[in-house]
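If you're wondering where the values come from, they're calculated on a predicted model, not measured in any experiment.
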Amino acid sequence: LLSNSFSPLLSSPLPSPPLPSSVNKHKPWIETSYHGVITENMDTVLLDPPLVALDKDAPVPYAGEICAFKIYGQDAPFEAVVLNHTSGEGVLRASSPVDCESQKEYTFIIQAYDCGAGPSGNDWKKSHKAVVHIQVDDVNEFSPVFREPLYKASVTEGKIYDSILQVEAWDQDCSPQYSQICNYEIVTTGTPFAIDRNGNIRNTERLSYDKQQSYKIMVTAFDCGQKRAKEDVAVHIDVKPVCKPGWQGWNKRVDYEPGTGSKQLFPKMHLETCDGPLSGVRVMVELQTSHIGKGCDRETYSEKSLQKLCGAASGSTDLLPAPSLSTNWTLSLLTDSGRDSDLIYRFDGHQAANVPDHVVPQNLTDQFTIATWMKHGPSPGLRAEKETLLCNSDKTEMNRHHYSLYVHNCRLVLLLRRDFTQVDTFRPAEFHWKLEQICDKEWHYYVINVEFPAVTLFVDGVTYEPYLVTDDWPIHTSKIDTQLTVGACWQGGEVATPRFTQYFHGSLSGLTIRPGRIETQKVISCLQACKEGLDINSLESLAKDIKFHFNPAQSVLVVEGEDVDSINTAMTKVSYINSRQFPTPGLRRLHITTTVQCFGEDTCLLIPDIKAVVMVLPPSEPRITIAGSNRLVRPAGDLRGPLGVAPFKELHITSTVMKGDSFGGCVMEVMHNLDYCDILVIGEELNPERESLEIHHSALLGKHLDATNSTSGISIYGVDSMAHYEQALRQVRYRNWQPATLTDRKFRLTCSELNGRYTSNEFNMEVSVLHHSEHVEHVNHMAAQPQYMRPVHHPLMIHRAAPPAATVVIVVCIAALVVIVVIGVYRIHATHQEGTREDEEEVREPEVDWENSALTITVNPMEVMQQVGEMIGAESDNTDEDEEEEEEEEVKEREQKGTPEWDSSSITY
């Protein structure tokens, strides 16, 4: 193709070649090849050699001049222009923009044409064909671009990596200089990473998952022309913890709300085994409660109440009761206080107590039981002395031990020397047990059942036979009295000064002797049972390969299985439960040990132990309230009668707790047990010759209650409901067959829950004789608490304008007079009816105190007017129709109940 650009002399297409002429003899000459360079987006081409055409016809005009260059090549965006016709110089330039990214090189053919024989251009000649090779030079017009919009990688903590990941950028420029990426750079400062020129990112220090779990860094790139990427790229690097075998997803503390039943301890816990092939897993969960009470959370009732609750036979003697006026031999002993009202005596080798003779069981026979809680540690010294818990020895003259229970070198020994009158042969006398529990400094419950000559020891409900039994001769009878001692042994003879010896070092609680009976396994288990422990919810949902078992106290749980998923499911169902209504608050420690077995190996993974705590929150403390009439006035005939009077007939016992805080809380009634109620005589003790305070045995039938009485009062004890205590107290009878000598008799009643942990108010009762000439003041029973309390929301009282004062006074006085007259008539009629029922039943008290006496009614009109006025002010919002409907409903209710519309206890007479 001929170039579109020609010399100005050749403005029209070239004519056909003319016939040979003698003027234009030679054709033009050019180089055989040319190499050129053009910069993209420019039009000038630098050729080597320069574009020059020669003609031998020079200097002949036209024939020796160059008029044009023609280019042959498909779509070659170039044109050749003659600069000088005479010298034949030309230039090659781009006819349209040249883009290196589209085409880096061009190759085409060029030829030179002379001007012919004359001005007409006839007889022109062309040169040979020359090859032109053009190279397009690149311009750095593009910035690097990253191939990914975001890079992500993860590393394991504690390792140094040569390359965590590689980022890659590219450039659209065509030349190696501008299209290649020569450098990468981390823009984010202060990061523990570096990047090389190939885009490889590495960490410069060991990463810690605990310190930082992920990093976000920004990276840029530069091409070899130092052109920076327009947009930096984000790199996210996550730090993974080193795969450490162990339990994950558990909390170090679990709060337990009293009364919520069973609570899961590890609902989201799972075992990480780092993909190791396992053949079996064994997990042991231990609940550590040795610091709670006597080894765990147990009921802290008195020993007598617990025995009654567990169904033990009566007749046991408590040798370590709570100190009181009647049990004063324990006053000098050290008590371990602050244990949730749990009575614990601590012996440090200097304390002991002589049990009074009237308390000591006189005849142990061939069957008896000794029971006690004991906490004991190893004795100091190589040859430790005997440490006596209980000892019955000669009080004077001699030093014979008739029976004793002592610890010697971590062995428990029962000494039982029979009297010569009972047996005269060589018989078993010492029974020895060697157990770890005796010196492990933990609480254990010991019961020794004696069925002579067989003796059996129970420790925490587990049976142990003596490992050694030694025989001895019986003790010869003598007239020497014996002394029963707790905490040491009494040496009254063979020494200059009688003294205690063989002191005990440790703690004791609930030391009792029951003669004539042995304790059953069921009762023993009940007396030492823990009220808190471990549990498993939904046993039916456990996998078939799961095996589990508890220790007797349910403080240790062992779970075994072959599959990790099954073990995980089982562990999420492990729970803590405390069945006490008022548990001991505080921490319970949890210790979990795990053993993993692999195929062909005993152990392959070491699973770290877990230590957690269960925090038992403090329960809402109940407020026990005793309410009722505080004064009882009866005619002398009632006091002299065979049944006497019932001072506490109108008694009510309630218990309330505060739910929520003091601002948004409410008072709710709760039902719980009591363990004793004491009626104490105030003032002079009862004179058995003329008065008595007693409760009939029939009043205790069907209840877990028992009672003791003396001239100081009555004690009703046993773990039972408040309703049963109410029923029993209402049947306490006071008699006085010489009422003329009685001015008044005062009593004080208190009740307890959990052996004094929660006590009621002191309820005072006064009994006096009704004299016909005096006015009797009756206590307003409306002040008494109802049997069941519920939260009450009081509506806002709106007071409106009252009628004139004079009118109110007149209306109120007339109304009050009518009401009081009606009440008086009704009370006389009710009294007559009540007296008739008392004669028929002989066990019920009359409702009123004023039989055979004149009716005396005292009314304060101003008080009545004030009360009625308040009622008018409070109810004036109601319409007459509403009042009539309410009155009709009240009348119907009273007719159905068969009771009068007023409360007789609200009248002052």
Side-chain angles (χ1 to χ4, degrees), residues 258-259 299-302 304-306 308-309 321-326 340-343 580-584 618-632 646-659 667-682 693 695 699-700 703-710 712-732 734 745-767 779-790:
E299 297 293 5
T300 56
Y301 296 114
S302 65
K304 281 188 176 181
S305 297
L306 282 174
K308 186 79 174 178
L309 183 65
S324 66
L325 295 178
S326 59
D340 188 21
S341 300
D342 205 357
L343 186 60
R580 293 189 67 190
Q581 188 174 8
F582 305 105
T584 303
S620 299
E621 295 193 0
R623 181 179 180 181
I624 306 172
T625 303
I626 304 175
S629 176
N630 293 97
R631 187 180 180 196
L632 181 65
F648 303 101
K649 183 179 180 181
E650 299 177 356
L651 184 77
H652 291 284
I653 303 176
T654 58
S655 183
T656 56
V657 296
M658 174 67 74
K659 293 294 184 180
V667 177
M668 301 293 292
E669 181 170 353
V670 293
M671 306 302 295
H672 58 77
N673 291 328
L674 300 176
D675 58 351
Y676 70 80
C677 286
D678 290 339
I679 303 174
L680 183 65
V681 177
I682 305 300
L693 183 69
I695 182 171
L700 305 178
K703 306 177 179 68
H704 295 288
L705 298 179
D706 209 341
T708 59
N709 65 341
S710 66
S712 300
I714 290 181
S715 178
I716 303 174
Y717 62 90
V719 181
D720 212 331
S721 65
M722 291 186 292
H724 279 179
Y725 267 94
E726 268 189 10
Q727 296 172 10
L729 289 169
R730 290 174 180 176
Q731 298 184 60
V732 173
Y734 172 70
R745 172 56 76 183
K746 297 179 180 180
F747 304 98
R748 178 175 297 159
L749 170 63
T750 57
C751 293
S752 157
E753 164 67 334
L754 295 175
N755 201 21
R757 178 178 173 185
Y758 306 115
T759 56
S760 70
N761 60 309
E762 293 182 349
F763 180 77
N764 295 312
M765 164 59 67
E766 181 179 340
V767 179
V779 176
N780 186 352
H781 289 198
M782 291 298 290
Q785 303 248 1
Q787 187 174 2
Y788 196 87
M789 299 288 290
R790 289 183 174 87

What I'd like to find out is whether the side chain of [X] reaches to under 4.5 Å of the side chain of [Y], using heavy atoms alone.
X: D675; Y: L309; answer: no
X: L729; Y: I653; answer: yes
X: K746; Y: R631; answer: no
X: L651; Y: L749; answer: yes

(request) For side chain to side chain contact (heavy atoms under 4.5 Å, CB included), just list the numbers for F648 and I626, CA-CA rounded to whole Å, side-chain angles, deciding distance to a tenth of an Å, and then say yes or no. (result) CA-CA 10 Å; F648 303 101; I626 304 175; over 6 Å; no
Please report the closest heavy-atom contact between [X] and [Y], naming both atoms and the distance.
X: P647; Y: V732; result: CD-O, 3.3 Å
X: A699; Y: Q731; result: CB-OE1, 3.7 Å
X: L343; Y: P321; result: CD2-C, 3.7 Å
X: S620; Y: V657; result: O-CG1, 3.7 Å
X: N764; Y: R748; result: OD1-NE, 3.2 Å
X: A627; Y: F763; result: C-CE1, 3.9 Å

(message) So, taking the atom named OH in Y676 and the one named CG in L705, what distance separates them when rounded to the nearest 0.5 Å?
(response)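 Atom-to-atom, Y676:OH and L705:CG are 14.5 Å apart.
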(request) Supply the atom-to-atom distance E726 CD to S721 OG, rounded to the nearest 0.5 angstrom. (result)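 That separation rounds to 9.0 Å.
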Considering residues at least two apart in sequence or located in another chain, which fulfil the side-chain contact (heavy atoms from CB on, under 4.5 Å) criterion with [X]?
X: S710; result: S712
X: N709; result: E694, I714
X: S655; result: P622, I624, V670, H672, M722
X: A707; result: I695, L700, I716

For [X], enumerate each residue passing the side-chain hydrogen bond (donor to acceptor under 3.5 Å, both in side chains) test, keeping only those at least two apart in sequence or located in another chain.
X: Y301; result: E753
X: N761; result: none
X: D720; result: H724
X: T750; result: none

(request) Look only at the side chain of R757 and the backbone of F582, and say whether a donor-acceptor pair between them is shorter than 3.5 Å. (result)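 A pair under 3.5 Å: yes.
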(request) With sequence neighbours left out, write down each residue that passes salt bridge (Lys or Arg N to Asp or Glu O under 4.0 Å) with E299, or none if nothing qualifies. (result)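 Result, salt bridge (Lys or Arg N to Asp or Glu O under 4.0 Å) vs E299: R580.
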(request) Only counting residues at least two apart or in another chain, list the ones meeting salt bridge (Lys or Arg N to Asp or Glu O under 4.0 Å) with R623. (result)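 Salt bridge (Lys or Arg N to Asp or Glu O under 4.0 Å) check on R623 returns nothing, list empty.
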(request) Return yes when atom NZ of K703 has more than 12 non-hydrogen atoms of other residues, nucleotides or ligands closer than 6.0 Å, and no otherwise. (result)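 More than 12 within 6.0 Å, yes.
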(request) For F747, check ring-ring contact (aromatic ring centres under 6.0 Å, His included) against everything at least two apart and list the hits. (result)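 Scan of F747 (ring-ring contact (aromatic ring centres under 6.0 Å, His included), adjacent residues dropped) gives Y734.
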(message) Using the ring-ring contact (aromatic ring centres under 6.0 Å, His included) criterion, which residues pair with Y717? Sequence neighbours excluded.
(response)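 In terms of ring-ring contact (aromatic ring centres under 6.0 Å, His included), with neighbours along the sequence ignored, Y717 is linked to no residue.
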(request) Start with the C-alpha gap between R745 and V681, add the side-chain angles, then the distance that decides, and say whether side chain to side chain contact (heavy atoms under 4.5 Å, CB included) holds. (result) CA-CA 8 Å; R745 172 56 76 183; V681 177; 3.2 Å; yes
